[in-house]
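Take a look at the structure set out below.
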Amino acid sequence: MAALTDARRIVIKIGSALLVDRDTGKLRSGWLHSLANDVAWLKSLGKDVILVSSGSIALGREVLGLPRSVLPLEKSQAAAAVGQIRLARAYEEALAPHAITTAQVLVTLEDSADRRRYLNARATLETLIGLGAVPIVNENDTIATDEIRYGDNDRLAAQVAVTVGADVLVLLSDVDGFYSANPALDPAAHRYDKIDTITPEIEAMAGDGVSGLSKGGMITKVLAAKMATAAGCAMVITEGSPLNPLKTLNDGALCTWFIAQDDPQVARKRWIAAMKPRGEVTIDAGAVRALQNGKSLLPAGVLDIGGDFGRGDPLAILSPEGRCLGQGLSRYTSDEARAIQGRQSAEIEATLGYPGRAALIHRDDMAL
């Protein structure tokens with residue numbers, strides 16, 4: 001990936017230390033507006049943009065008069081509750097002059113660990129992007145406990161990038177790339193322009209960063225890179241403090257690129273193909289042709305449903321003769337699927353008593 005402009009879909013992670021002034025605890029409005037200019041520029045080029053932003057606790061603790069030291073869980077969650085409102089409003093006000101709609105999406109680790117929640121998050125993000133909005137994603141610190149936390153937004157950003165099939169993940173950091181050692185402590189440390197493979201030696205070089213407002217260090221960035229690149233998403237670390245950091249990166253700023261191991265769609269379909277099916281769906285000849293032409297599987301083309309499965313579970317897709325064509329993730333439970341099999345999409349709401357999704361298995365969730 002030579003430049004951001006080569007990407008189709010870009011996830012950008014913004015840390016607390018970039019967004020909130022360390023001394024005053026106030027929002028760095030000038031920097032945020034310059035970032036908004038960059039986002040508008042990427043959108044004007046037809047790029048999909050998702051922002052993963054820290055900052056809610058940092059903003060909230062200032063309003064509540066809480067100390068800068070480590071807070072107990074209940075005070076962190078109180079600060080997040082206050083700060084989330086301010087963070088969302090700040091992004092809305094920064095992007096509104098560019099006629100860009102923003103959306104706040106709050107997630108926890110459970111949302112990606114549970115297939116049903118994962119599909120919900122994916123569908124919501126895809127819909128927002130399709131409608132031209134810029135999702136602002138943050139960990140739901142107000143309700144997340146240690147057991148269901150990502151704990152750092154580097155890995156959260158990588159998970160979001162994997163979820164939406166992004167081509168590039170940008171980590172705006174307080175350093176201009178990945179170094180062989182901490183450059184603040186070792187004058188001989190050198191920066192890598194590109195890392196093709198994350199080896200144990202590379203992991204061993206990653207030391208924790210230090211910031212008064214943010215939690216992540218270089219080790220979390222390397223873990224994020226492992227997650228993203230394995231799913232076909234390139235990742236870049238660059239210094240985020242200059243104004244217009246994305247244009248600066250695109251114009252050749254110092255950085256480190258972690259090279260994707262595969263195309264994101266190919267990697268996702270390989271992941272789906274490796275799952276153990278929890279049920280099966282037999283389809284008619286017309287549906288077979290539709291799938292071969294890249295279409296989703298609609299209930300109208302379903303002849304039979306086998307097994308007991310939940311929403312998000314993998315299903316084997318069988319031809320009328322019983323030949324396995326591939327598999328995909330169901331958007332319905334087995335009971336719901338049996339109720340709507342053979343029916344037109346327009347009949348789903350009347351059949352189930354509530355609106356449903358048009359496809360039983362969406363083409364993006366299918367590996368043939």
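Everything numeric here is computed off the predicted structure, so don't read it as measured data. Start at 1 with the first residue, then count along the sequence.
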Is there side-chain contact between [X] and [Y], with at least one heavy-atom pair below 4.5 Å?
X	Y	result
D313	M275	no
E203	K226	yes
L51	Y91	yes
Y192	H190	yes
I12	V52	no
L172	L246	yes
I259	T229	no
I50	R9	yes

Hey, any chance [X] and [Y] share a hydrophobic cluster, counting ILVMFWY side chains that come within less than 4.5 Å of each other, even indirectly?
X	Y	answer
L243	L32	yes
M218	M205	yes
V302	L318	no
I129	V11	yes
I100	L42	yes

Trace of the side chain to side chain contact (heavy atoms under 4.5 Å, CB included) decision for T102 with Q104: CA-CA 7 Å; T102 54; Q104 185 184 45; over 6 Å; no

Verdict with reasoning, M227 to V162, per side chain to side chain contact (heavy atoms under 4.5 Å, CB included): CA-CA 8 Å; M227 185 189 303; V162 171; 4.2 Å; yes

Distance-only, no hydrogens or angles: does the [X] side chain make a donor-acceptor pair with backbone N or O of [Y] under 3.5 Å?
X	Y	value
N293	R289	yes
T256	F178	yes
D365	L329	no
K269	M366	yes
T238	L254	yes
W31	G240	yes
R343	T351	no
R28	L18	yes
S296	R363	yes
R61	L66	no

Rounded to the nearest 0.5 Å, what separation is found between the [atom1] atom of [X] and the [atom2] atom of [Y]?
X	Y	atom1	atom2	answer
L35	K247	CG	NZ	12.0 Å
K295	H362	NZ	NE2	11.0 Å
I14	S53	CD1	OG	5.0 Å

So which heavy atom on [X] is nearest to which on [Y], and how close?
X	Y	answer
V222	I198	CG1-CG2, 3.8 Å
G301	A287	O-CB, 3.8 Å
I272	G328	CG2-CA, 4.1 Å
L125	P135	CD2-CB, 3.7 Å
A133	K43	O-NZ, 4.2 Å
L298	S345	CD2-OG, 4.2 Å

Electrostatic pair [X]:[Y] at N-O distance under 4.0 angstrom:
X	Y	value
E139	R155	no
E336	R311	no
R191	D193	yes
D154	K221	yes

N244 versus S34, side-chain donor and acceptor atoms under 3.5 Å: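 Not at all, the side chains of S34 and N244 share no donor-acceptor pair under 3.5 Å.
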
Under 3.5 Å side-chain donor-acceptor pair for Y332 and D335: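 No.
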
Residues T282, D304; criterion side-chain hydrogen bond (donor to acceptor under 3.5 Å, both in side chains); working and verdict: CA-CA 5 Å; T282 303; D304 191 33; 4.9 Å; no

I317 and C324: CA distance, side-chain angles, deciding distance, side chain to side chain contact (heavy atoms under 4.5 Å, CB included) verdict: CA-CA 6 Å; I317 303 171; C324 184; over 6 Å; no

Worked verdict on I283 versus L325 for side chain to side chain contact (heavy atoms under 4.5 Å, CB included): CA-CA 10 Å; I283 63 176; L325 304 173; 3.9 Å; yes

Can you confirm whether [X] is buried at [atom1], in the sense that more than 12 heavy atoms of other residues, nucleotides or ligands lie under 6.0 Å from that atom?
X	atom1	answer
K47	NZ	yes
Q344	CD	no
R8	CZ	yes
D186	CG	yes

